[in-house]
Amino acid sequence: MTSVFYIPAINVIGLNSLNQALDTARDYGYKSALIVTDIMLAKLGMAEQLQQSLAERNIKSVVFDGTHPNPTTANVSAGLEILKNHHCDCVISLGGGSPHDCAKGIALVATNGGNIRDYEGVDRSAKPQLPMIAINTTAGTASEMTRFCIITDEERHIKMAIVDKHVTPVMSVNDPALMMGMPKSLTAATGMDALTHAIEAYVSVAATPITDACALKAITMIAKHLPVAVEEGDNLVAREAMAYAQFMAGMAFNNASLGYVHAMAHQLGGFYDLPHGVCNAVLLPHVEQFNSRVAAARLRDCAAAMGVEVSAMSAQQGADACIAAIRQLAKSVHIPTGLRDLNVKEQDFAILAANALKDACGLTNPVRASHEEIISIYQAAF
């Protein structure tokens, strides 16, 4: 079997590593950057600080801070206009998954033309995007290092999954110093997102020995360090561990892809504008219960990675133990228990399920589902 492993050329991880990363950006020869971020990080002064650091390296910059929590086609268009007006030769994203995905959309259309909708699906672009550096401030999405770009199409009320080798950033930056101020709810949601990445990658039909190793190590670190990071936001050991864990989970799913948890969560985000990590966390045990009919042995491995003693368990018992461990971890970090708590409406399940089955992330789920089965999973998670 032939496999291809995608990852940015340079990945800088560690406390106070941002300056080293920006020195590398200077060495690349970039002259004018579009900084893509959100209004909160702009108000905190982080975008301005980044501009100052770039100026010290003779790199001009302009800020687009209009990224929504679920970035939209309109966000991409607005950022692209600023990029063109200022003749930027690179894009720098600052934030979590939302600014990273928005920046990817801007950078991809900048070189390929057309509209971001043209690139929905797998490898639809002809050219690499404009060079992009992704500076991460959360520990969960791994969008700073993946070939995945999720953009909400406001006209269709869906999240488009763009899976394209050409949207991989040239450099990712994970500096735990930038993550210390994350609130508990965001820490929990992004951490459970990372756990979902790792588990979905491990049970994926495209898994390889490399992605398996990354996924299992990520699961172990998340199970150990996420509760601490949530309760002790200034715990540097936990923050750095989560930075590494989410990156390894990203390495896993960037190459093994995902499954129905993400395919279904994308629809909730696009339809109701809900936080992605929370949707994943609520759906994860229910989808893996469905997957256990064919992936029980793999879920048993995941249970072991989470610290469960599985040596005396059958594959199905191990799978059940994994699902119980997921639920317990989610409870410990105060994730809502069901979709009802997120104001999801049962009458929308049919259209949500239909759209989920069109999502590219579902292609590597270990077992194929019918429309009725996807509806049943939504109902079980309700």
Side-chain angles (χ1 to χ4, degrees), residues 6 8-12 18 21-22 24-25 28 30 32-42 46-47 50-51 53-54 59-120 125 127-138 140-152 159-175 178 190 250 254 276:
Y6 295 100
I10 297 178
N11 302 278
V12 185
L18 179 58
L22 295 181
T24 301
Y28 279 159
Y30 302 141
S32 180
L34 172 69
I35 298 173
V36 179
T37 189
D38 58 42
I39 189 64
M40 183 59 67
L41 293 180
M46 293 180 70
L50 178 57
Q51 283 192 289
S53 296
L54 290 169
I59 301 174
K60 297 185 297 182
S61 61
V62 60
V63 174
F64 170 65
D65 61 10
T67 305
H68 290 180
N70 289 305
T72 67
T73 50
N75 293 163
V76 172
S77 296
L80 182 64
E81 183 175 359
I82 295 173
L83 179 145
K84 290 180 176 178
N85 289 342
H86 289 81
H87 306 289
C88 299
D89 58 6
C90 67
V91 177
I92 301 177
S93 56
L94 175 68
S98 301
H100 300 325
D101 281 1
C102 187
K104 288 176 179 179
I106 294 167
L108 189 68
V109 178
T111 55
N112 284 272
N115 186 284
I116 189 60
R117 295 182 181 90
D118 300 334
Y119 305 103
E120 181 180 5
S125 69
K127 304 174 184 177
Q129 65 180 11
L130 206 65
M132 175 180 160
I133 296 170
I135 302 170
N136 210 16
T137 63
T138 66
T141 71
S143 184
E144 81 281 357
M145 53 80 64
T146 69
R147 59 193 173 109
F148 285 69
C149 172
I150 309 300
I151 302 294
T152 296
K159 280 191 172 185
M160 301 184 295
I162 298 165
V163 186
D164 197 311
K165 60 182 178 291
H166 287 149
V167 303
T168 304
V170 297
M171 179 165 61
S172 74
V173 185
N174 276 283
D175 185 340
L178 303 178
T190 53
N254 194 36
H276 175 65

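Within the model, atoms CE of Met160 and OG1 of Thr152 stand 8.0 Å from one another, a figure rounded to the nearest 0.5 Å. With rounding to the nearest 0.5 Å, the separation of OG1 in Thr138 from CG in Asn174 is 8.5 Å. Atom OG of residue Ser61 and atom CG of residue Leu54 lie 5.0 Å apart, to the nearest 0.5 angstrom. Atom OG of Ser98 and atom CE of Met40 lie 12.5 Å apart (nearest 0.5 Å). The CG atom of Asn70 sits 10.0 Å away from the CD1 atom of Ile151 when rounded to the nearest 0.5 Å. Residue Ile135 holds its CD1 atom at 4.5 Å from CG of Leu50, rounded to the nearest 0.5 Å.
Across all their heavy atoms, Leu22 and Ser53 have their closest contact at CD1-CB, 3.5 Å. Residues Ile150 and Asp101 come closest through the heavy atom pair N-OD2, 3.1 Å. Closest approach of Arg117 and Asn115 over heavy atoms only: N-OD1, 2.9 Å. In this structure, Cys88 and Val62 approach most closely via the heavy-atom pair SG-CG1, 3.9 Å. When all heavy atoms are compared, the tightest approach of Pro8 to Glu144 is CG-O, 4.3 Å. Shortest non-hydrogen contact noted between Thr168 and Gln129 is O-NE2, 3.8 Å.
Put simply, the side chain of Thr67 does not reach to within 4.5 Å of the side chain of Thr37, judged on heavy atoms. Inter-residue side-chain proximity for Leu94 and Thr137 is flagged as met; some heavy-atom pair is nearer than 4.5 Å. You'll find the side chain of Arg147 reaches within 4.5 Å of the side chain of Val163, heavy atoms only. Using a 4.5 Å heavy-atom cutoff, the side chains of His100 and Thr146 are not in contact. Taking 4.5 Å as the limit, every side-chain heavy atom of His276 sits out of range of all side-chain heavy atoms of Thr141. Looking at heavy atoms from C-beta onward, Cys90 lies out of side-chain contact with Ile133 at the 4.5 angstrom threshold. A heavy-atom distance below 4.5 Å is found between the side chains of Ser93 and Met132.
Panel note: side chain Asn136, backbone Ala142; no donor-acceptor pair is recorded below 3.5 Å. The main-chain N or O of Ile162 is never found under 3.5 Å from a side-chain atom of Lys104 such that the two would form a donor-acceptor pair.
Few gaps surround NZ on Lys165; more than 12 heavy atoms of other groups in view lie less than 6.0 Å from it.
Every residue meeting the ring-ring contact (aromatic ring centres under 6.0 Å, His included) condition with Tyr28, not counting sequence neighbours, appears here in chain and number order: Tyr30. With sequence neighbours excluded, the residues satisfying side chain to side chain contact (heavy atoms under 4.5 Å, CB included) with Ser125 are Leu108, Asn112, Tyr119, Asp164, His166.
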Verify side chain to side chain contact (heavy atoms under 4.5 Å, CB included) between Val12 and Met171, making sure each step is shown before the conclusion. CA-CA 8 Å; Val12 185; Met171 179 165 61; 4.2 Å; yes
Would you mind writing out the side-chain donor-acceptor pairs for residues 77-85 within the sub-3.5 Å range, not counting sequence neighbours?
residue	atom	partner	partner atom	Å
Ser77	OG	Thr73	O	3.2
Asn85	ND2	Glu81	O	3.2

